[in-house]
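So that the names make sense, note that chain A is the first sequence line, chain B the second, and so on, each numbered from 1.
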Amino acid sequence: MSALAPTGVRVPVPRRGVARWLSGYLQMLRFEAASQRDWLPLLLVVELLIGAGMAIMYGFYVSSVPPRLAAFIVTGTPALALFPVGFVMLPTAIARRKLAGSYDYVRSLPAPRSATIAATASLYTVLVIPGAAVSLAVASWRYGVALHISPMIVPAVLLTSLTAASAGAAIGHGVTDPMVTSLIGNLIIFVVLLYTPVAFPPQQYPAWLVHLHELLPFYNMAIVLRAALSVGLVADVGRSYAILAAWTIAGLAFAGWIASRRR
Amino acid sequence: MDAGAAADGSLAARAEPGAGPSHWLHGYAAMVRWHLLSLRLWAPAATAIEILSGVGMVYGIGLLAPHLSARGALYATTGPAIVALILLGLILGPQLVAQEKMAGRYEYTLTMPVPRSAAAFAWYTVTLLIGLPAAAVTIAAGVVRFGVSLSVSAQLVPALLLGTFAITMLGYALAHAVSKPMATMLITQVLVFVAFGYAPINFPSSQMPHWLVEINRALPFLPMATVVRAGLTRGLVTGVWVSYLVLAAWALGSAWLALRALGRRG
């Protein structure tokens, strides 16, 4: 019998339990990474445009940039670079699948839906790091701001990009019309770039707007990243971590629920 | 028999000459109707989005730069309407064409017996219908927000017409000449980004490096802003005639490129 063992013999896929989930997760991770190959350069371009590009652009809008404002702009840059990948590009990628008709094919793959969602979310969590780092370096050079990078940068980057990817997965799976997905993406970019205290001190914004943003993810993303890059610019980071964690769990749960629903 | 004869008769009555101004005008009117009907849900939405983005920009600039000079306030009042028009011309057309391509309706639209130039001009007309009301609201919001007074002159009419034409044709050319919808979307998004912050439209050019301003003089966005601002203010901008020439060159070049791409496919 052993002589008959074919070279392409399939490893039996575990039918249940953690092993099955993990095997599905790893296979979906490979599937996602391979199918997003041509999409990756675009992600990097978007990150650099909205990260480094916005950091420089804000300087044009504000004719003179005092040192404190420069510190805010520079430490806000990674959040600017991070948010569009999860919040906008990921839903767009899912919407593209819906348009191309491959969405249902991916649904039919024999992996747990939660493993599929987790694979997409973790891929998009890792993908954003190079673009955010380059954007931060460009902004720091442009404004001559020295950074105080603490080890907290690791959890800060991981949690913020995971939050963005989870919310993006929720939008991508939850919204049926790709046109609406694109509209939501543009609205988010607009609101974050002009109406969220990411690159500017919150004192510049109306109090009600800041209070609203304390509950939304974008401002909190900026806070945890800024806290890991500077000294004395933000206080009360724990609250922001908690709110981001809540958004992440809600986003993943919603995306998982939508994706596993029978239609 | 009666019904058949009636159908024949109406067909004969509708038959148009294959060339000449009346054929062109008929095609133009038909395409305007076609666009308005197929956009009947999206046209009001597009106007609403235009107003939101324009007015949103006005108030957003007020948040980012709370201490504007009188000159800066004039730029922040007049700029957002121009950026919103650029956004419309560069995004809406390519977006619709990309959708047609992805849905497989693109070739169908190309088979319509309408001169290409009439179809292009019809699209420009629809863009004006959506964009101009929104531009008026945006400028009014700027006047309220920054408390500046504008001096509107008759120059505003040719400025808006030529500026919107140049931008719409640029979007039209990108949509038709670039075969991959994804590439078109990427290019137009980058151009919108440039119009928003790397062209001195919402702020004076003195706030930008000199070399960047010089590059912008050759691109269509700054010239469009210059001619429109010349129609809204007095003594704020110079080099209006050169801007008209640059805009006209972009308009003709883009229109030629789009018509060539369409002709080749047709």
Side-chain angles (χ1 to χ4, degrees), chain A residues 38-39 41-46 48-50 52-66 69 72-73 84 88-89 92-93 95-96 98-101 142 177-180 182-183 185-187 189-206 209-210, chain B residues 41-42 45-46 48-49 52-69 71-72 75-76 79-80 87 91 95-96 98-99 101-104 180-183 185-187 189-209 212-213:
Chain A
D38 61 331
W39 184 243
L42 184 62
L43 288 185
L44 196 67
V45 169
V46 168
L48 293 179
L49 272 184
I50 299 192
M54 281 309 297
I56 295 170
M57 184 194 293
Y58 282 139
F60 299 152
Y61 272 87
V62 187
S63 49
S64 70
V65 184
L69 180 57
F72 264 92
I73 293 179
V88 183
M89 302 303 283
T92 309
R96 270 173 84 209
K98 287 182 178 170
L99 275 177
R142 164 72 178 80
D177 186 349
M179 195 82 165
V180 177
S182 138
L183 212 60
N186 284 309
L187 182 70
I189 292 183
F190 194 81
V191 167
V192 173
L193 296 187
L194 285 179
Y195 286 92
T196 308
V198 171
F200 288 82
Q203 293 79 18
Q204 258 176 253
Y205 296 79
L209 191 60
V210 178
Chain B
L41 289 177
W42 278 105
I49 293 169
L52 279 180
S53 51
V55 176
M57 246 183 282
V58 166
Y59 281 84
I61 296 170
L63 287 177
L64 301 186
H67 311 293
L68 280 177
S69 62
R71 193 176 146 80
Y75 276 84
L87 201 120
I91 297 275
Q95 178 108 34
L96 287 177
Q99 274 182 1
K101 282 183 179 170
M102 285 192 269
K180 280 186 116 178
M182 275 294 292
M185 301 298 249
L186 182 63
I187 297 171
Q189 295 282 352
V190 170
L191 286 178
V192 166
F193 190 79
V194 168
F196 177 68
Y198 284 85
I201 300 178
N202 284 338
F203 46 83
S205 38
S206 56
Q207 289 175 204
M208 196 174 238
L212 205 48
V213 178

Segment of A:L42 engaging chain B (4.5 angstrom heavy-atom cut-off):
side chain

Using non-hydrogen atoms and a 4.5 Å limit, figure out which bit of A:I56 sits close to chain B: side chain, backbone, both or neither.
both

What do you reckon, are the aromatic ring centroids of A:Y58 and A:F72 less than 6.0 Å apart?
no

Contact part of B:S53 toward chain A, heavy-atom cut-off under 4.5 Å: side chain, backbone, both or neither?
both

Closest heavy-atom contact between A:Y195 and B:V55?
OH-O, 4.3 Å

Would you say that A:F60 contacts B:L212 through its side chain, given a criterion of any heavy-atom pair below 4.5 Å between the two side chains?
yes

Measure the shortest side-chain to side-chain distance between A:Y205 and B:L64 over non-hydrogen atoms and say whether it is less than 4.5 angstrom.
yes

So, the part of A:F190 with a heavy atom under 4.5 Å from chain B: the answer is side chain

Would you indicate whether the side-chain heavy atoms of B:Q95 and B:W42 approach each other to under 4.5 Å?
no

Sort B:Y75 into side chain, backbone, both or neither according to what part of it lies under 4.5 angstrom from a heavy atom of chain A.
neither

Could you look at A:S64 and say if it's the side chain, the backbone, both or neither that has a heavy atom under 4.5 Å from chain B?
neither

